[in-house]
Amino acid sequence: MHGGSLADLLPHDGTASLAALATQVLRLTDAQGWESFAYAGISLGGAVEAHLTVHHPERVASLGLVCSSTHFGPSEPWQERAALVRRDGAGPVVVTSPGRWFGDPKTAETPLGPALLRDLAEIDPVGYAACWDALAVYDLRPGLPRITAPTLVVGGSLDTATPLEHARELADGIADATLEACAIGHLAVEQPEAVGAALSTHLRGRLPARTHGPRHAPGIAFCRYPERAAALNGAQIGQLRHRRSATTRTNSPPHSRI
């Protein structure tokens, strides 16, 4: 997960969906020759992986859902936000983001806060709006019982965008799920070490068994904010651990950009 996909990989006409975002993930993993992988994402990133696990369970060995949800509320606010960004760019949303993103609004005054907000201000509004189009129609509640992969759900006690009730609903609906609550806001920047350690422990313990050749170092990638790019969603802190298939594609570049 690189967070740098081109915005025009998604529809621009308001029809973008989680299925379209998940398809981009599968194209990336196929290009790398990864039969299965463990995947963790924040917010929209978590929604993408949850959708992927429901519809392609054989590909996801384990998952980590951080400050995410089965359903992000009524569609109208997301559609309105998408229309606003298409019309005026990200500027109006940047102003209100610190209160949604950070458990402590003072985080916006630290070196990390301005960097995240600057990323948001510089995103392609087309890709940003398409991500909100996808959230507008996202509702995984009916499919939640179909997730069988081992799952770590991390909820933020300071998260106002997806409060702990969202994390509890995820954990209650997934058979093999563990819920961990942390004092974090929506982007989980307040306790990066604690969140990272919890995800690493969970994902390392659930890596697919080695079946071909020597195990190479797991790939770890960190995405920026979900709306930032594009197709793969942005402020996602994604950890992707994988095993190579016996027939890894040799004609794919080592770091394909989808």
Side-chain angles (χ1 to χ4, degrees), residues 1-3 5 9-10 16-66 68-70 131 134 138-154 170-171 173-178 199-200 202-213 215-223 226 229-234 236-258:
M1 302 294 292
H2 45 71
S5 304
L9 287 172
L10 291 178
S17 65
L18 266 292
L21 289 165
T23 295
Q24 300 303 329
V25 175
L26 290 181
R27 288 178 178 174
L28 173 62
T29 55
D30 287 346
Q32 296 299 320
W34 301 340
E35 284 183 349
S36 62
F37 48 91
Y39 176 11
I42 290 178
S43 187
L44 174 57
V48 172
E49 65 174 304
H51 177 94
L52 192 60
T53 309
V54 167
H55 295 281
H56 301 275
E58 74 286 355
R59 301 298 301 274
V60 182
S62 66
L63 63 160
L65 301 169
V66 182
S68 194
S69 183
T70 62
C131 287
Y138 169 70
D139 187 350
L140 198 69
R141 288 173 291 186
L144 200 59
R146 294 164 57 189
I147 296 180
T148 58
T151 303
L152 174 66
V153 180
V154 179
L170 283 165
I174 298 173
D176 188 4
T178 301
L199 289 173
S200 181
H202 174 72
L203 298 179
R204 284 180 186 276
R206 306 291 187 166
L207 286 174
R210 182 176 66 185
T211 59
H212 176 76
R215 185 191 297 277
H216 49 114
I220 303 177
F222 294 91
C223 283
L232 291 182
N233 61 99
Q236 153 183 15
I237 296 178
Q239 290 194 354
L240 194 61
R241 301 184 179 275
H242 61 273
R243 64 181 171 92
R244 292 285 185 180
S245 69
T247 57
T248 300
R249 298 180 185 179
T250 57
N251 60 343
S252 298
H255 299 289
S256 301
R257 295 174 65 86
I258 63 175

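Just so it is clear, the model here is predicted, and its values are computed rather than measured.
- For the pair Ser68 (side chain) and Ser43 (backbone), a donor-acceptor distance under 3.5 Å is present.
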| request: Go through Thr70 and Leu170 one step at a time and tell me if the side chain to side chain contact (heavy atoms under 4.5 Å, CB included) criterion holds. | output: CA-CA 7 Å; Thr70 62; Leu170 283 165; 3.3 Å; yes
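- Minimum interatomic distance between Ser69 and Tyr138 (heavy atoms only, all atoms of both residues): O-OH, 2.9 Å.
- In this structure, Pro145 and Arg141 approach most closely via the heavy-atom pair CD-O, 4.0 Å.
- Annotation for Leu203 and Ala38: closest pair CD2-CB, 3.5 Å, computed over non-hydrogen atoms.
- Going from atom CD1 of Ile147 over to atom NE2 of His51 covers 10.5 Å, rounded to the nearest 0.5 Å.
- Within the model, atoms CG of Leu63 and OG1 of Thr53 stand 4.5 Å from one another, a figure rounded to the nearest 0.5 Å.
- Across all their heavy atoms, Cys131 and Leu44 have their closest contact at CB-CD2, 3.6 Å.
- When each of Asp30, Val60, Leu52 is tested with Val25 by the rule side chain to side chain contact (heavy atoms under 4.5 Å, CB included), just one qualifies, namely Leu52.
- Of all non-hydrogen atoms in Pro150 and Ala61, the two that sit nearest each other are CD-O, 3.3 Å.
- Here the straight-line distance linking atom CD1 of Ile42 with atom CG of Leu65 works out to 11.0 Å at 0.5 Å rounding.
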| said: Quick one, His55 with Arg146, criterion side chain to side chain contact (heavy atoms under 4.5 Å, CB included). Give me CA distance, side-chain angles, the key distance, then yes/no. | reply: CA-CA 9 Å; His55 295 281; Arg146 294 164 57 189; 4.3 Å; yes
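- Taking OG1 of Thr29 as the start and CD of Gln24 as the end, the distance is 11.0 Å to the nearest 0.5 Å.
- Taking both residues in full, the closest heavy atoms of Tyr39 and Gly45 are given as OH-O, 3.6 Å, listed atom of the first, atom of the second, then distance.
- Separating the CZ atom in Phe37 from the OG atom in Ser62 is a distance of 10.5 Å, to the nearest 0.5 Å.
- Annotation: the span from Leu18 atom CG to Thr23 atom OG1 amounts to 10.5 Å, rounded to 0.5 Å.
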| request: Report the C-alpha separation of Leu144 and Ile174 in whole Å, then their side-chain angles, then the decisive distance to 0.1 Å, and conclude whether the side chain to side chain contact (heavy atoms under 4.5 Å, CB included) test is met. | output: CA-CA 6 Å; Leu144 200 59; Ile174 298 173; 3.8 Å; yes
